[in-house]
Number of protein chains: 2
Amino acid sequence: MTTRSHCQALDEQDPLAPLRRQFALPEGVIYLDGNSLGARPVKALARAQAVIAEEWGNGLIRSWNSAGWADLSQRLGNRLAPLIGAGDGEVVITDTTSINLFKVLSAALSVQRQRQPNRKVIVSEASNFPTDLYIAEGLAELLQQGYSLRLVNSPDELPGAIDQDVAVVMLTHVNYKTGYMYDMQALTALSHECGALGIWDLAHSAGAVPIDLHQAGADYAIGCTYKYLNGGPGSQAFVWVNPALVDVVRQPLSGWFGHTRQFAMESTYAPSAGIARYLCGTQPITSLAMVECGLEIFAQTDMASLRSKSLALTDLFIALVEARCAAHELVLITPREHARRGSHVSFEHPEGYAVIQALIARGVIGDYREPRIMRFGFTPLYTSFTEVFDAVEILGEILDNRTWDQAQFKVRNSVT
Amino acid sequence: MTTRSHCQALDEQDPLAPLRRQFALPEGVIYLDGNSLGARPVKALARAQAVIAEEWGNGLIRSWNSAGWADLSQRLGNRLAPLIGAGDGEVVITDTTSINLFKVLSAALSVQRQRQPNRKVIVSEASNFPTDLYIAEGLAELLQQGYSLRLVNSPDELPGAIDQDVAVVMLTHVNYKTGYMYDMQALTALSHECGALGIWDLAHSAGAVPIDLHQAGADYAIGCTYKYLNGGPGSQAFVWVNPALVDVVRQPLSGWFGHTRQFAMESTYAPSAGIARYLCGTQPITSLAMVECGLEIFAQTDMASLRSKSLALTDLFIALVEARCAAHELVLITPREHARRGSHVSFEHPEGYAVIQALIARGVIGDYREPRIMRFGFTPLYTSFTEVFDAVEILGEILDNRTWDQAQFKVRNSVT
């Protein structure tokens, strides 16, 4: 079994290790939940202070121009674009992932109504992140045009599910439970061969794994900035549309920020060219501005280096857990194959909820997802190899001592 | 004409004057644009610092529970509710005004599909705030069920426009251009008599004028927190639905925060009871948290006191402008009648844009709206009578000297 001193040596050789100093992480915590809420960039506090005290307090309404609030969604989108293989002017950061999914799914169905109006099926996975399925359900019910969801139970079932009835294939690139990662290029090709359009939810991919939307030939993508991108709690989501599709239809959440002449105050809508038509209403600026601080850290490295360390961290975690905790009922549900693995690792345990609570009490923060899933995120910008070692040792002690069997760890509350 | 010393005396007698100290206003500025972006509560900076440094930085993912992020939209909604005559548990603060309008308009049409499916007309005003019209247009186009907008050109035309074809009457309570305020109770009664449901956009009303949604018998309301409520740039919007209607249908932006068992991670949607079903995705928390700071100041007074001062301020402004600037081509487009006036005053001037720029250069911040409209907002929490006097004097000097006729004031940029 790998020793702690070997992990310390890995940290000493890690070219990304200095980046950790750009995050404000609390003492006494091993944070393995950056897949749910990324850690705070040190600079985020000063950035917010400047927005609040200077831009809002002193600049007041003038800051829409003087502080660049008016096109902040576009400028931040341009900073994010290289991380997902998108071009300049193709991404905006705005609204929530759920809202952005509604926009692109509406748009994709609208394109298909023009091209192949008999296609009424939206394919997805039963284990997709629930809000994606709820949004599709809400849109289908709203439209009352016979749309339905066809949910597969595993990635293997997808090829059989994509047939001539399918309008859109809507998938999350890295599954939030298992960490399974789809082959974006292959799935996109499969969808296109069958005449379907594809939507990728990159919530667990952006900033976690290399993505090349153009190379994959993707149609639509949305995702989250508050996980691996470290944008801050609930920070705005992003949306990308292939330039070949973006001007074909409007999306229905057509608010004034998407109008081509926003301040002409016309009474009828005329969509902006390009991705700006995916903007809708006025954005919460303080939260949006902090997204830049996370992106500035990514600009100091590249996704290939991050991926290399991410795989080393998840390989190490799996190996250590399987060695140190071999006596316990842990079942790995994350793929061992690198090409199919995102940047988090999940184990099932019959008492997964209570074990996670016991870990948090010891300062190791992972999270729990129904049913029985203990989820651990590895964020190469700030997670060290030694932390992985220490986390597994603490997990081993909790399992050996059945610490989780204490009543306080079994009380469920709403959000973890 | 009222003298400056009389205005100073009014300030000395003003029981609301001490509240101004709770706002961080820049030196040398007379801010008459709180109807567009409210001023910064002093406490907002410390509140944001606590969210960023402590709740995000140290609490990390745990803050969804420990810092109360999970139900922040509901808690803030409860604080806002008394300002609009809504009950506890009836309001949430979330998303944008545009998005919330999409939710309630979809819901209202869905209710009417159940009750009176042949009604296909949405009545509004041509001079309604454009995003409201764009959202209705986007929804009608999405639905492809024959819905259309019927726009009146003045409030007088409304009674004639509300007939048996009308599903929904969608109005902004206080017009963003003219400051005209509808009689909410009378219009609601008119709509109901005709079988239509009503939606009120309270963007220019909440925190500006007394509102009693229950007394008015209103059906749906949405609005903005970044104007008179001083929530911060782009801070989240609110949504209220009459309890008799809230559980009748789901709204189509059915994201995971609206699910009745959010963390059960079910693959099908089951809406929460009550207004929580109008939640959708994860909210930008830092911006949302600051909304509380503005609401805390409102809790120290009441809307009747604010209304009384608001009318005194707007009366004074109108009287002073008409006296001091009588020689110039200013046309008042705001109602003189108190019952029909909101909390801003608009004058048309052929060179309105350039005059506003010249005013801003002198430290008097109002704003401009197409066509020719100079708009001045009066926010009784922090605007003084002496400021009104000084602003009019500066306006008079600019008009007398044709200062606005300099090239620099005529260059248009995008956002004012």
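Please read all numbers here as calculations on a predicted model, not as lab measurements. Just so we're on the same page: letters track the sequence lines, and every chain starts at 1.
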Per-residue contact mode, [X] against chain A (heavy atom under 4.5 angstrom):
| X | result |
| --- | --- |
| Arg261(B) | neither |
| Tyr226(B) | side chain |
| Ala264(B) | backbone |
| Val249(B) | neither |
| Asn230(B) | backbone |

Relative to chain A, which of [options] shows the most heavy atom pairs under 4.5 Å?
| options | value |
| --- | --- |
| Pro284(B), Pro26(B), Ser63(B) | Pro284(B) |
| Gly59(B), Gly232(B), Pro371(B), Ala126(B) | Gly232(B) |
| Asp95(B), Thr268(B), Asp132(B) | Thr268(B) |
| Glu27(B), Glu141(B), Lys177(B), Glu370(B) | Glu141(B) |
| Leu151(B), Ile135(B), Val29(B) | Ile135(B) |
| Val42(B), Val51(B), Leu60(B) | Leu60(B) |

Do you know which of [options] has the most heavy-atom pairs with chain B at a distance under 4.5 angstrom?
| options | answer |
| --- | --- |
| Leu253(A), Asp71(A), Thr97(A) | Leu253(A) |
| Ala270(A), Gly138(A), Ser106(A), Ala140(A) | Gly138(A) |
| Gly281(A), Ser254(A), Gly255(A) | Ser254(A) |
| Pro41(A), Ala39(A), Ala24(A), Ala237(A) | Ala39(A) |
| Ala48(A), Ser98(A), Ala44(A) | Ser98(A) |
| Asn128(A), Leu149(A), Leu288(A), Ile99(A) | Ile99(A) |

(request) Identify which part of Phe129(A) has an atom lying under 4.5 Å from any heavy atom of chain B, answering side chain, backbone, both or neither. (result)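 It is the side chain, since no backbone atom gets that close.
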(request) Against chain B, label Glu55(A) side chain, backbone, both or neither, depending on which of its atoms sit under 4.5 Å from a heavy atom there. (result)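 Answer is neither: Glu55(A) stays 4.5 Å or more from chain B.
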(request) Find the distance between OG (Ser267(A)) and CG (Leu133(B)) and round it off to the nearest 0.5 Å. (result)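 It is 6.5 Å, given to the nearest 0.5 Å.
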(request) Supply the atom-to-atom distance Glu266(A) CD to Tyr134(B) OH, rounded to the nearest 0.5 angstrom. (result)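 One gets 5.5 Å once the value is rounded to the nearest 0.5 Å.
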(request) Please name the pair of heavy atoms, one in Arg62(B) and one in Ile360(A), separated by the smallest distance, quoted to 0.1 Å. (result)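 Closest pair (atom of Arg62(B), atom of Ile360(A), distance): CD-CG2, 4.1 Å.
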(request) Kindly give the heavy-atom pair with the smallest separation between Arg113(B) and Leu142(A), and that separation in Å. (result)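 Nearest pair, atom of Arg113(B) first, then Leu142(A): NH2-O, 4.4 Å.
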(message) Could you check whether any side-chain N or O of Trp56(A) sits under 3.5 Å from a backbone N or O of Gly38(B), counting only pairs where one atom can act as donor and the other as acceptor?
(response)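 Checking the backbone N and O of Gly38(B) against the side chain of Trp56(A), a donor-acceptor pair under 3.5 Å is found.
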(message) Tell me whether Thr282(A) contacts the main-chain N or O of Gly234(B) through its side chain, where contact means a donor paired with an acceptor under 3.5 Å.
(response)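 No, Thr282(A) side chain to Gly234(B) backbone: no donor-acceptor pair under 3.5 Å.
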Decide yes or no for [X] and [Y]: does some side-chain heavy atom of the first lie under 4.5 Å from some side-chain heavy atom of the second?
| X | Y | answer |
| --- | --- | --- |
| Ile52(A) | Met290(B) | yes |
| Asn58(A) | Leu25(B) | no |
| Thr286(B) | Pro233(A) | yes |
| Met265(B) | Tyr176(A) | yes |
| Leu139(A) | Pro252(B) | no |
| Ile61(B) | Tyr31(A) | yes |
| Trp69(A) | Leu37(B) | yes |

(request) Answer yes or no: is there an ion pair linking Arg250(B) with Glu137(A), defined by an N-O contact shorter than 4.0 Å? (result)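 Looking at Arg250(B) and Glu137(A), the cut-off is met.
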(request) Would you please indicate if the ring centroids of Phe102(A) and Phe102(B) are separated by under 6.0 Å? (result)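 For Phe102(A) and Phe102(B), the ring centres are under 6.0 Å apart.
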